[in-house]
Amino acid sequence: MRAKNFYAGPSTLPEEVLKQIKDDISEYKGLGLSLIETSHRSKEYDEVHNNALSRLRTLLQVPENYSIILLQGGATLQFGMIPMNLLKDGTTAEYVNSGAWAEKAIEDAQKIGNTRVLWDGKEGSYTSLPKAAEVKAGEDSAYVHITSNETIGGLQWKDFPVLENSPLIADMSSDILSRPLDISKFGMIYAGAQKNLGPSGVTIAIIRNDLLERSSDALPVYLNYNTHASKDSLYNTPPVFSIWALSLVLEWVEKQGGAKAMEARAEKKSQMLYSVMEELPEFFHCPVDPNYRSTMNVVFRLPNEDLEKQFIAEAAEKHMLGLKGHRSVGGLRASIYNNLTEEACAELADFMRAFAKKNG
Ligand SMILES: Cc1ncc(COP(=O)(O)O)c(C=O)c1O
């Protein structure tokens with residue numbers, strides 16, 4: 001029996017995709033080899049690679065003047081690569097500090113050059129976000145960085161800042177392709193694949209071409225965005241398994257109806273859980289400002305920690321896994337990414353009601 005996977009990442013994949021991988025893993029389409037054993041310069045891999053790139057371009061509606069780059073090193077490597085490539089002397093990298101992931105991005109940028117925090121949610125224990133219209137870039141701004149969904153805090157931007165004088169950069173690791181997006185409002189977006197797009201091992205970066213001109217030739221070759229943009233992400237050996245799985249997940253998203261369908265699915269699933277909290281406010285408490293509650297990571301607390309432990313244990317007995325909140329904040333977190341079924345979410349909502357009735 002397949003468990004219901006509420007882990008924050010790596011996370012659940014569509015069963016159809018897992019089946020296809022299983023069917024093709026030892027011999028890929030009459031090749032006599034697995035795709036993960038063959039050359040990354042082979043025509044079979046080339047097709048998979050190009051499919052992944054073109055599906056990303058179509059599903060995310062990426063304009064012509066943006067490059068799509070497939071990288072390794074996770075979103076974490078981007079915390080350093082962004083300032084290395086885009087922060088020049090005499091300019092300042094600006095950040096919105098919305099939570100644990102934004103903090104990590106800021107810490108790395110501080111090692112590279114001048115940084116400024118435009119808004120800081122730390123004192124409010126990262127339970128809210130600034131209004132998008134209040135985020136303004138300084139005159140010396142190199143870029144403004146936000147985290148579109150804070151995976152640990154369960155906070156999600158609903159509208160994005162519109163900046164006239166500086167590119168907006170967003171870490172979309174935990175909500176990429178969960179809703180339609182106007183990429184032209186961003187200088188760059190990036191995301192590790194392992195939540196909405198596939199297994200871990202590949203990171204997607206989408207960057208406006210004029211920003212590529214900022215990268216210095218003095219950078220080590222892998223760390224320079226131009227290396228990858230100019231070689232269609234085939235400068236060195238790419239993570240072929242992860243890109244193959246990415247391509248299959250994207251094909252699955254296409255069949256479901258693309259970003260709009262993913263948005264409807266995310267709204268419906270997250271509402272199933274938030275509405276239980278509204279029905280039973282004495283028992284379940286979501287600490288996040290209702291304006292910014294995430295459709296991807298639903299965080300909540302129970303009346304005490306013993307009940308939280310009991311909830312996690314009893315849910316696991318019912319094959320609902322991964323509900324423990326991040327160790328830095330405690331509580332509970334249901335990660336309900338694109339690939340999680342509505343049935344799994346409905347089952348969790350029913351379990352929450354039954355648990356509250358028994359223990360409330
Ligand atoms: C919002 C966000 N940014 C960055 C990361 C780090 O990603 P990676 O593990 O791919 O380096 C994560 C991981 O969970 C995340 O949720």
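One-based numbering, in listed order, for ligands and for the atoms of each. Only heavy atoms go into these numbers, but all of them, side chains included; no hydrogens, no water, no symmetry mates.
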Carboxylate-amine/guanidinium contact [X] [Y], below 4.0 Å:
X: E342; Y: R265; result: no
X: K122; Y: D120; result: no
X: K4; Y: E347; result: yes
X: K111; Y: D108; result: yes

Part of [X] with heavy atoms under 4.0 Å of ligand 1, whether side chain, backbone, both or neither:
X: N149; value: backbone
X: F79; value: side chain
X: T151; value: side chain
X: S173; value: side chain
X: K195; value: side chain

Return the residue, atom name and 0.1 Å-rounded distance of the protein heavy atom closest to [atom].
atom: atom 9 (O) of ligand 1; result: Q194 NE2, 3.5 Å
atom: atom 11 (O) of ligand 1; result: T76 OG1, 2.5 Å
atom: atom 3 (N) of ligand 1; result: D171 OD2, 2.6 Å

Side-chain donor or acceptor of N5 paired with backbone N/O of Y7 under 3.5 Å: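 It does hold such a pair.
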
Looking at non-hydrogen atoms alone, which of A193, A75, A8 comes nearest to atom 8 (P) of ligand 1?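 Among A193, A75, A8, the closest heavy atom to atom 8 (P) of ligand 1 belongs to A75.
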
Evaluate side-chain contact (heavy atoms from CB on, under 4.5 Å) for S173 paired with T151, printing each intermediate quantity in order. CA-CA 8 Å; S173 291; T151 321; 5.6 Å; no

When you measure from the centre of the six-membered ring of W101, is the NZ or CZ of K104 under 6.0 Å away and within 45° of the axis?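 Because its charged atom sits under 6.0 Å from the ring centre and within 45° of the axis, K104 does stack over W101.
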
